[in-house]
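Heads up, the thing below is written out as structure tokens.
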Amino acid sequence: MILTFDDGPSSVLVELLDILKKHQVRALFFWQSKLLHVKRPWKRVIEERHMIGGHSLRHRVLTRLSYRDQLHDISTNLKQLESLTGQEMIYFRPPFGQFNEDTLDVLKKLNVMPFLWEVAGLD
């Protein structure tokens, strides 16, 4: 089992990282490009040996996009995350857990694994 979080997780990230550190738990954080910026403690996420994965460029429902638009959204998200963190992105979680064959084809083309959940809150 792997503990995962979507979208940052925004204003509670520092508190969450403190709890994870206290209990020596590692997690995988899925980030939208717009949420991973210099004011977020993403360096701490990496320094404390957590992982970061892609979660789209703008958090749109991918199944409503064409193959071409999905390719652009996902590849741009992953490139931006890699550029900022210096780490290769190997996991991607589709927003709202919604995907289709185009999504899976894009992820295969980009050599990225889709990563969903068994128990989820609202995304």
Side-chain angles (χ1 to χ4, degrees):
M1 183 182 306
I2 298 174
L3 187 59
T4 64
F5 299 93
D6 291 356
D7 306 330
S10 68
S11 63
V12 298
L13 180 57
V14 171
E15 181 181 11
L16 180 59
L17 289 171
D18 290 343
I19 292 167
L20 293 171
K21 185 174 185 175
K22 176 181 175 182
H23 295 284
Q24 299 179 348
V25 173
R26 303 285 178 257
L28 174 53
F29 294 86
F30 290 97
W31 248 309
Q32 300 171 48
S33 296
K34 70 180 183 176
L35 296 179
L36 189 63
H37 52 76
V38 295
K39 292 183 180 180
R40 300 266 174 153
W42 62 266
K43 286 183 181 179
R44 180 177 169 195
V45 171
I46 293 171
E47 287 168 359
E48 294 180 5
R49 299 181 45 217
H50 302 288
M51 294 180 66
I52 295 175
H55 193 51
S56 82
L57 188 58
R58 294 185 198 96
H59 208 266
R60 297 186 291 175
V61 177
L62 296 176
T63 58
R64 295 182 184 160
L65 303 179
S66 68
Y67 175 89
R68 182 174 174 228
D69 288 341
Q70 286 193 50
L71 178 62
H72 175 266
D73 188 286
I74 295 169
S75 64
T76 302
N77 171 240
L78 298 174
K79 286 176 191 172
Q80 288 177 349
L81 296 176
E82 288 175 350
S83 175
L84 189 60
T85 66
Q87 293 189 338
E88 180 182 10
M89 296 294 115
I90 58 175
Y91 299 112
F92 181 84
R93 175 172 284 162
F96 312 103
Q98 295 192 14
F99 63 95
N100 58 20
E101 286 300 318
D102 286 345
T103 314
L104 296 176
D105 289 346
V106 165
L107 295 176
K108 184 175 182 178
K109 177 178 181 164
L110 298 173
N111 198 31
V112 176
M113 292 191 325
F115 203 104
L116 296 174
W117 52 80
E118 289 184 19
V119 177
L122 297 175
D123 186 15

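Only a predicted model underlies this, so the values are computations on that prediction, with no experimental measurement involved. For reference, positions follow the sequence shown, starting with 1.
The two residues R49 and R26 have their closest heavy-atom pair at O-CD, 3.2 Å.
The side chain to side chain contact (heavy atoms under 4.5 Å, CB included) test applied to L28 returns I2, T4, F30, M51, Y91, F115, not counting sequence neighbours. Applying the side-chain hydrogen bond (donor to acceptor under 3.5 Å, both in side chains) test to N77 and every residue at least two apart in sequence or in another chain returns S33. Applying the salt bridge (charged side-chain N to carboxylate O under 4.0 Å, His left out) rule to D18 yields the partners R44; only residues at least two apart in sequence or on another chain are considered.
Both W42 and F5 are part of a single hydrophobic cluster, where members link through side-chain heavy atoms under 4.5 Å apart. L3 and I52 fall within the same hydrophobic cluster, defined by Ile, Leu, Val, Met, Phe, Trp and Tyr side-chain heavy atoms under 4.5 Å apart, directly or through other members. Both Y67 and L65 are part of a single hydrophobic cluster, where members link through side-chain heavy atoms under 4.5 Å apart. F99 and L57 sit in two unconnected hydrophobic clusters of ILVMFWY residues. Membership requires side-chain heavy atoms under 4.5 Å apart, directly or through other members.
Pairs of residues two or more places apart, or lying in two chains, never qualify as salt bridge (charged side-chain N to carboxylate O under 4.0 Å, His left out) while including a residue from residues 61-70. The stretch residues 99-115 participates, sequence neighbours left out, in no salt bridge (charged side-chain N to carboxylate O under 4.0 Å, His left out) pair at all.
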Can I get a per-line list of side-chain donor-acceptor pairs under 3.5 Å for residues 81-90, giving both atom names and the distance, sequence neighbours left out?
{"unit_1": "E82", "atom_1": "OE2", "unit_2": "M89", "atom_2": "N", "d": "2.9"}
{"unit_1": "T85", "atom_1": "OG1", "unit_2": "L81", "atom_2": "O", "d": "2.8"}
{"unit_1": "T85", "atom_1": "OG1", "unit_2": "Q87", "atom_2": "N", "d": "3.1"}

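Q70 places a side-chain N or O within donor-acceptor distance of the main-chain N or O of L62, the cut-off being under 3.5 Å. When atom types are taken as modelled, the side chain of H50 and the backbone of V45 share no donor-acceptor pair closer than 3.5 angstrom.
L78 CG to N111 CG: the interatomic distance, rounded to the nearest 0.5 Å, is 11.0 Å. Taken from NE2 in H55 to CD1 in I74, the straight-line distance is 11.5 Å, to the nearest 0.5 Å. Annotation: the span from R93 atom CZ to D6 atom CG amounts to 4.5 Å, rounded to 0.5 Å. For the atom pair CG of L71 and OG1 of T103, the computed distance is 11.0 Å after rounding to the nearest 0.5 Å.
At a threshold of 4.5 Å between non-hydrogen side-chain atoms, the residues P94 and L116 count as touching.
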